[in-house]
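Only one structure is covered here, and it is reproduced in the block below.
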Amino acid sequence: MTLRLYDTATREVRDFVPLEEGKAGLYVCGLTVQSEPHVGHVRSGVNFDVLQRWLRHLGYDVSFIRNVTDIDDKILTKAEAQGRPWYAHAAIMKRELDKAYAALNVAPPTYEPAATGHVPEMLELIEMLIAKGHAYAAADGSGDVYFDVRSWQQYGELTHQRIDDMEAAEDADPRGKRDPRDFALWKGWKKESEPETASWPSPWGRGRPGWHIECSAMAGKYLGPAFDIHGGGVDLRFPHHENEQAQSRAAGHPFASYWMHNAWITTAGEKMSKSLGNTLSIPSVLERVRGIELRFYIVSAHYRSHVEFSFEALDEAAVGFRRIESFLERAGDVAVGELPEAFVAAMNDDLGTPAAVAVLFDVVRDGNRADDPSVQAGQVLAMLDVLGLDPADPAWGPGSSNDQQLVEAVDVLVRGLLDQRTQARADKDFAAADAIRDQIKAAGIAITDTPDGPTWALEAGTK
RNA sequence: GGUGGGUUGGCCGAGAGGCGAGGCAACGGACUGCAAAUCCGUGUACACGGGUUCAAAUCCCGUACCCACCUCCA
């Protein structure tokens with residue numbers, strides 16, 4: 001059984017055949033570090049992390065490159081609004097993003113190149129494009145360099161559009177373009193409005209990279225002229241990915257074999273980037289549910305399906321996930337087992353995580369029914385591991401030693417109370433027994449009576 | 001104007017011609033001193049109108065509504 005993936009370029013699910021047997025090169029457009037990451041932003045991080053983990057599980061030697069765009073218009077304007085240098089602003093937001101990824105157990109990529117670190121590579125590519133007649137320096141002396149879309153006959157091939165059908169940008173300030181659809185490879189430095197630190201020397205004077213060129217340059221540098229999979233959010237299909245492909249192919253590089261795009265998470269039917277302030281920023285969502293629960297919520301939907309975010313649905317997902325966790329707790333220590341066939345089939349079918357999660361629940365039920373749940377628990381662990389949802393993964397944070405001490409302290413206190421309750425029950429003094437249970441419950445601790453005596457755990461629903 | 005996606009039970013969310021994915025909630029039952037947890041059972045859902053077919057949520061035609069992208073966006 002082989003992995004099949006939906007390829008945006010061909011619009012079909014097809015067998016994944018790597019360029020080089022046993023290896024997989026993956027490039028994903030990461031974020032522009034311009035503001036605090038929200039739920040929508042991290043979806044792509046989680047989705048492609050699942051892809052990375054699955055490829056590794058299948059035995060591929062994965063090179064996963066996920067870039068960081070650390071210079072662009074928005075960064076400049078937001079930094080200025082906040083009164084700090086653009087690079088400081090980008091660095092702060094980058095740290096926030098790292099924290100968000102860590103909180104969701106998004107494993108780091110092989111390498112995370114930053115745009116500003118690759119200006120020479122971009123210049124090299126731009127000069128190659130000029131030499132081949134696919135790019136030109138603007139005639140107006142602005143220092144801008146544009147890609148000449150009319151010179152590249154296949155332009156539009158990725159998104160199946162013809163140049164003449166595309167609407168030219170409304171704001172199209174022609175700025176010396178030959179065609180309004182030509183896009184910037186290099187942006188000349190605007191002395192009056194932009195800091196000099198946001199400019200680099202080039203054959204066309206000081207300036208900064210256009211948005212698309214960085215990915216062509218970095219993908220080429222780290223994965224080579226041809227690589228397997230290129231990913232990102234749906235909105236990037238056009239113009240970003242179309243332009244990346246045009247640049248790279250015009251420069252003579254075959255570029256990506258497969259294109260994968262994750263769908264949006266919206267709120268109230270609107271994209272998150274447009275909507276409501278910071279209520280959906282990762283730190284604020286994590287005040288409500290744990291990172292592992294948010295990740296489970298994201299993984300429960302297929303990566304190509306649009307998700308309408310709601311806190312109710314998020315809470316439901318969290319409740320469902322706790323069922324899996326409590327099964328594992330009951331099962332005790334078990335070794336990681338084999339993946340059920342149905343799970344493997346689901347994952348191989350274009351990362352069918354919803355079907356995979358259904359298998360997860362089926363096995364949990366089986367395990368809850370069994371006298372000895374260790375086989376099922378082992379399978380559950382294996383599945384959770386692939387999905388990046390193993391609660392025991394140290395990546396979720398070891399909990400500080402302080403926490404550990406607290407747990408031990410609480411354990412002693414609760415055990416004392418539970419002993420009293422057990423005695424009361426033995427004496428058939430149920431009023432007393434229930435009073436103790438209520439007292440413990442009031443503290444946010446649920447108790448479960450088992451054949452081996454009562455156990456306690458923090459109550460579901462309270463984070 | 002061009003390109004792409006969507007509308008599934010109370011809610012979330014899969015599926016892509018024939019056996020009721022799964023979860024949450026609800027109801028009944030088992031277990032329990034009572035609960036909790038767990039298990040068992042309970043649903044005749046696929047926007048609307050036609051058509052194809054022995055068989056349609058799934059294919060075809062039409063309609064309605066929603067969303068995304070068209071050079072700043074995950």
Side-chain angles (χ1 to χ4, degrees), chain A residues 8 11 28-32 34 37-48 72-75 77 146-147 149 156 159-172 177 180-184 210-212 231-240 242-243 261-266 269-274 296-297 300-302 304-308 310 312-321 323-324 326-327 330 342 346 352-362 364-365 367-369 425 428-431 433-434 437-438 441 446-450 454-455 457 459-460:
Chain A
T8 311
R11 297 174 181 164
V28 171
C29 290
L31 297 186
T32 298
Q34 42 112 357
H38 59 230
V39 175
H41 289 133
V42 297
R43 179 180 197 184
S44 129
V46 169
N47 286 158
F48 287 105
D72 92 317
D73 294 357
K74 271 193 179 167
I75 291 174
T77 44
Y146 295 103
F147 183 86
V149 298
T159 49
H160 308 95
Q161 303 179 86
R162 294 178 324 171
I163 294 183
D164 293 320
D165 289 336
M166 297 175 193
E167 265 178 20
E170 290 285 319
D171 57 343
K177 289 184 181 179
R181 281 150 283 227
D182 288 351
F183 56 90
W211 174 34
H212 320 294
V234 271
D235 58 315
L236 297 180
R237 277 177 314 190
F238 193 90
H240 189 232
E242 187 71 68
N243 290 352
H261 293 99
N262 64 276
W264 294 104
I265 296 184
T266 59
E270 276 186 79
K271 348 183 355 181
M272 283 194 182
S273 50
K274 282 182 191 162
F296 178 73
Y297 172 70
S300 298
H302 188 85
R304 285 193 286 121
S305 291
H306 164 222
V307 169
E308 174 73 18
S310 79
E312 292 70 27
L314 179 62
D315 290 344
E316 278 182 10
V319 170
F321 189 72
R323 186 152 157 248
I324 299 170
S326 67
F327 165 67
R330 256 173 275 127
T353 53
V357 167
V359 175
L360 190 48
F361 278 109
D362 286 343
V364 166
R365 165 162 294 122
N368 275 327
R369 244 187 317 227
R425 291 176 71 204
K428 307 270 187 211
D429 183 357
F430 296 120
D434 291 350
R437 185 169 65 200
D438 291 345
K441 186 175 165 61
I447 68 174
T448 303
D449 288 320
T450 76
T455 63
E459 204 162 4

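No experiment lies behind these values; they were computed from the predicted model shown. Here is the naming used below: chain letters follow the sequence lines, and residue numbers restart at 1 for every chain.
An OP1 or OP2 oxygen of B:C67 is reached within less than 4.0 angstrom by no side-chain nitrogen or oxygen of A:T266. OP1 or OP2 of B:C70 has not a single side-chain nitrogen or oxygen of A:R237 nearer than 4.0 Å. Close to B:G23, at under 4.0 Å from its OP1 or OP2, lies no side-chain N or O of A:S300. For A:R365 and B:G23, the shortest distance from a side-chain N or O to OP1 or OP2 is below 4.0 Å.
With hydrogens and angles left out, the side chain of A:R437 and the base of B:A35 share a donor-acceptor pair within 3.5 Å. Below the 3.5 angstrom threshold, one finds no donor paired with an acceptor across the side chain of A:D164 and the base of B:G2. Under 3.5 Å, the side chain of A:D449 and the base of B:A35 form at least one donor-acceptor pair of N or O atoms.
Per the geometry, NE2 belonging to A:H160 stands 17 Å off P belonging to B:G2, to the nearest Å. Here the C1' atom of nucleotide B:A30 and the CZ atom of A:R369 are 14 Å apart, to the nearest Å. Distance CZ (A:R304) to C1' (B:C67): 17 Å, rounded to an integer number of Å. Note: NE2 (A:H306) to P (B:G6) measures 12 Å, nearest angstrom. In this structure, A:I324 atom CD1 and B:C24 atom C1' are separated by 13 Å, rounded to whole Å. Between the CG atom of A:D165 and the P atom of B:G1 there is a distance of 12 Å, rounded to whole Å. With rounding to whole Å, A:H302 atom NE2 is found 11 Å from B:G6 atom P. At whole-Å resolution of the value, NZ in A:K74 and P in B:C72 are 10 Å apart.
Between the side chains of A:T159 and A:Q161, at least one donor N or O lies within less than 3.5 Å of an accepting N or O.
The listed nucleotides are B:A74, B:C72, B:U71; the one nearest the side chain of A:Q34 is B:A74. Here the side chain of A:F361 is nearest to one of B:A14, B:G22, B:G33, namely B:G22. Of the candidate nucleotides B:U71, B:G23, B:A14, B:U71 has the atom nearest to the side chain of A:K177. Taking the side chain of A:T448 as heavy atoms from C-beta on, and the options B:C70, B:A37, B:A14, the nearest nucleotide is B:A37. Minimum atom distance to the side chain of A:D235 is reached by B:C69, of the listed B:U71, B:C24, B:C69. Nearest to the side chain of A:D362, among B:C24, B:G22, B:A74, sits B:G22. Closest to the A:H38 side chain, of the nucleotides B:C24, B:A37, B:A74, is B:A74. Each of B:C69, B:C39, B:A36 was ranked by its minimum atom distance to the side chain of A:F238; first place goes to B:C69. With B:U3, B:G22, B:G33 as the candidates, the nucleotide lying closest to the side chain of A:R11 is B:U3. Side-chain proximity of A:W264 to the nucleotides B:G2, B:C39, B:A74 is greatest for B:A74.
Counting heavy atoms from C-beta on, the side chains of A:N368 and A:R330 come closer than 4.5 Å.
A:L236 comes within contact range of the sugar-phosphate backbone alone, with a heavy-atom separation under 4.0 Å but no base atom that close. Using a 4.0 Å heavy-atom distance criterion, A:D315 is classed as making no nucleic acid contact. Counting non-hydrogen atoms under 4.0 angstrom, A:H240 reaches nothing in the nucleic acid. Across all strands shown, A:V307 has heavy atoms under 4.0 Å from sugar-phosphate atoms exclusively, and none from any base. Residue contacts for A:S310: at a heavy-atom cut-off of 4.0 Å it reaches no nucleic acid atom on any strand shown. Using a 4.0 Å heavy-atom cutoff across all strands shown, A:T159 reaches sugar-phosphate atoms only and no base atom. Within the 4.0 angstrom heavy-atom criterion, no nucleotide atom of any strand lies near A:T8. Heavy atoms of A:N47 sit nowhere under 4.0 angstrom from any nucleic acid atom. If you check every strand for non-hydrogen atoms under 4.0 Å, A:N368 touches sugar and phosphate atoms only.
Both geometric conditions, a ring-centre gap below 5.5 Å and a plane tilt below 30°, are fulfilled for A:F430 over the base of B:G33.
Spacing of P atoms, B:G51 relative to B:A57, comes out at 15 Å, to the nearest Å. Rounded to whole Å, the C1' atom of B:A16 lies 25 Å from the corresponding atom of B:C24. Comparing the P positions of B:C31 and B:A36 gives a spacing of 15 Å, expressed to the nearest Å. A gap of 37 Å separates the P atoms of B:A35 and B:C46, to the nearest Å. For the C1' atoms, the distance linking B:C65 with B:C48 amounts to 10 Å, nearest Å. Taking atom P in both B:A47 and B:A14, one finds a spacing of 15 Å when rounded to whole Å. Taking atom P in both B:G23 and B:U32, one finds a spacing of 25 Å when rounded to whole Å. Atom name P, nucleotides B:C11 and B:A45: the rounded distance is 14 Å, in whole Å.
Checking side-chain atoms of A:R365 against main-chain N and O of A:D362 turns up no donor-acceptor pair under 3.5 Å. Checking side-chain atoms of A:R162 against main-chain N and O of A:G156 turns up no donor-acceptor pair under 3.5 Å.
Across every non-hydrogen atom of A:C29 and A:H240, the tightest pair is SG-CE1, 3.4 Å. Residue A:R425 comes nearest to A:A433 through the heavy atom pair CG-CB, 3.5 Å, listed as atom of the first residue, atom of the second, then distance. Smallest separation of non-hydrogen atoms from A:K177 and A:D182: NZ-O, 2.9 Å. The minimum heavy-atom distance between A:P354 and A:A301, with the atom names listed, is CG-C, 3.8 Å. When all heavy atoms of A:F48 and A:G231 are compared, the closest pair comes out as CZ-CA, 3.5 Å.
Nearer to the 5' terminus of RNA chain B, by closest-nucleotide assignment, is the contact made by A:P239 (compared with the other of A:P239 and A:G233). Heavy-atom distances to RNA chain B give each of A:Q161 and A:R330 a nearest nucleotide, and the one nearer the 5′ end belongs to A:Q161.
Below 30°, between 30° and 60°, or above 60°: for A:F321 and A:F296 the angle between ring planes is between 30° and 60°, a tilted geometry.
We find that A:D434 and A:R437 are joined by a salt bridge, their nearest charged nitrogen and carboxylate oxygen being less than 4.0 Å apart.
Checking A:M166, A:H212, A:R181 one by one against A:P239, the side chain to side chain contact (heavy atoms under 4.5 Å, CB included) holds for a single residue, A:H212.
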Parsed dot-bracket for RNA chain B after applying the Watson-Crick and G-U rules with both distances under 3.5 Å and | for other-strand partners is (((((((..(((.....[...))).(((((.......)))))....(((((..]....))))))))))))....
